[in-house]
Amino acid sequence: MASLIDVRNMLALQGRMEASQLSAALHLPRPLLDAMLNRMEAMGKAQRMQDEVDSCLTGSCKSCPEGKACAREWWTLG
């Protein structure tokens, strides 16, 4: 089972990653990884980043019924 140090080391090596990428790379269930990332964020060790919605293919994200569903969330060291 991976630890908070393993998550930190992976982020240090990769720079930034999505939670789904971290989950697959460390073989952790997504709910456990989410809890670990939230704890690291609370400790100031990890930082959540979101892509701008400029990557929307239609350019109408502000009026999209999905809201910001297409926005990607990245994690990096804090």
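Residues: numbered from 1 along the sequence shown.
There is a path of hydrophobic side-chain contacts, each under 4.5 Å, that joins M1 to M40.
Remark: L26 CG to L32 CG distance equals 10.0 Å, nearest 0.5 Å. Atom-to-atom distance recorded for Q50:CD and R72:CZ is 12.0 Å, nearest 0.5 angstrom. Put simply, CG on L37 and CZ on R48 are 8.0 Å apart, with the number rounded to the nearest 0.5 Å. One distance of note links CZ of R8 with OG of S3; it measures 8.5 Å at 0.5 Å rounding. In this structure, CH2 in W74 is found 5.0 Å from CD in Q21, a value given to the nearest 0.5 Å.
Nearest approach of N38 to W75, heavy atoms of both residues: OD1-CH2, 4.2 Å. Between A2 and M36 the shortest heavy-atom distance is O-CE, 3.7 Å. Considering all non-hydrogen atoms of both residues, S23 and P29 come closest at OG-C, 4.1 Å. Between D34 and A19, the shortest heavy-atom distance links the atoms OD1-CB, 4.0 Å.
Summarising the local packing, CG of L13 is surrounded by more than 12 heavy atoms from other residues, nucleotides or ligands at distances under 6.0 Å.
Side-chain contact between D6 and L28 is absent, with no heavy atoms from C-beta onward closer than 4.5 Å.
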